[in-house]
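Note sheet for the following structure.
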Amino acid sequence: QVQLVESGGGLVQPGGSLRLSCVASGFTFSNYGMRWYRQAPGKERELVLGISSTGFSTTYANSVKGRFTISRDNAKSTLYLQMNNLKPEDTAVYLCNARYRRNSVLLDDYWGQGTQVTVSS
C-alpha cells in the first residue's frame with residue numbers, strides 16, 4: 001500500500017540541472033518528514049537533504065550546499081529535489097525516504113526504489 005516512487009533522473013552534463021520527484025501514496029504525506037539520500041557505486045549511502053513535516057529544510061551533505069534544494073508539495077504528496085550546477089561527483093542513485101517520529105520514537109520508515117543520476121561530459 002505504501003509507495004514512494006522517484007523520477008526525474010537521467011544523464012546530464014556538468015553544470016546542468018535536474019529536478020527529481022518522489023510521489024508518495026498509502027500514508028498521510030503531510031505528517032512525515034522526508035529525506036533525499038544518494039548512493040554511488042562502491043560508496044556508503046549518504047544523507048543529502050531533509051525536510052520536516054512543517055517544511056523546515058536541512059542540508060546534511062556539505063558538498064551540495066548552495067546547489068541542491070529540497071521542497072515538498074503536500075497537496076500533491078510529492079517531494080522534490082532541485083539540483084543545479086551538477087558535478088560528476090553527484091553521480092549516484094537518489095532515493096527518497098519518509099519518516100514518522102512520535103515522542104522521539106521512529107514509528108515509520110519508508111523507502112523508494114531510487115532514480116539514477118549520471119553527470120558526465
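Here the structure is a predicted model, which is why all the values come from computation and not from measurement. In this chain, numbering begins with 1 at the start of the sequence shown.
The shortest non-hydrogen separation linking Phe29 to Ala24 is CD1-CB, 3.5 Å. Closest heavy-atom contact between Met34 and Ala98: SD-CB, 3.4 Å.
Rounded to the nearest 0.5 angstrom, Leu49 CG and Thr69 OG1 are separated by 7.5 Å. The structure places CE of Met83 at 12.0 Å from CD1 of Ile70, a figure rounded to the nearest 0.5 Å. Atom CD of Glu46 sits about 10.0 Å away from atom CD of Glu44, to the nearest 0.5 Å.
Without hydrogens or angle criteria, Thr91 side chain to Val119 main chain gives a donor-acceptor distance under 3.5 Å. For the pair Ser52 (side chain) and Thr54 (backbone), a donor-acceptor distance under 3.5 Å is present. Distance alone, capped at 3.5 Å, is enough to place a donor-acceptor pair between the Thr78 side chain and the Lys76 backbone. No donor-acceptor distance shorter than 3.5 angstrom exists from the side chain of Arg72 to the backbone of Gly33, with no hydrogens or angles considered. Distance alone, capped at 3.5 Å, places no donor-acceptor pair between the Asn103 side chain and the Val105 backbone.
With sequence neighbours excluded, the residues that form a salt bridge (Lys or Arg N to Asp or Glu O under 4.0 Å) with Arg67 are Asp90. By the side chain to side chain contact (heavy atoms under 4.5 Å, CB included) test, Lys43 pairs with Ala40, sequence neighbours left out. Partners of Val2 under the side chain to side chain contact (heavy atoms under 4.5 Å, CB included) rule, at least two apart in sequence or in another chain, are Phe27, Tyr110.
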Anything under 3.5 Å between a donor and an acceptor, one on a side chain of residues 4-16, the other on a protein residue two or more places apart or in another chain? List them.
| from | atom 1 | to | atom 2 | distance (Å) |
| --- | --- | --- | --- | --- |
| Glu6 | OE1 | Gln113 | N | 3.0 |
| Glu6 | OE1 | Gln113 | NE2 | 3.2 |
| Glu6 | OE1 | Gly114 | N | 2.9 |
| Glu6 | OE2 | Cys96 | N | 2.8 |
| Glu6 | OE2 | Gly114 | N | 3.2 |

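Under the ring pair (Phe, Tyr, Trp, His ring centres under 6.0 Å) criterion, the residue pairs touching residues 74-107 are Tyr32-Tyr100, with sequence neighbours excluded.
Apart from Tyr37 itself, the hydrophobic cluster it occupies contains Leu47, Tyr60, Val93, Leu95, Trp111, where clustering links Ile, Leu, Val, Met, Phe, Trp and Tyr at side-chain heavy-atom distances under 4.5 Å.
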- Could you walk me through whether Val64 and Arg38 pass side chain to side chain contact (heavy atoms under 4.5 Å, CB included), step by step? CA-CA 12 Å; Val64 309; Arg38 67 184 181 184; 3.8 Å; yes
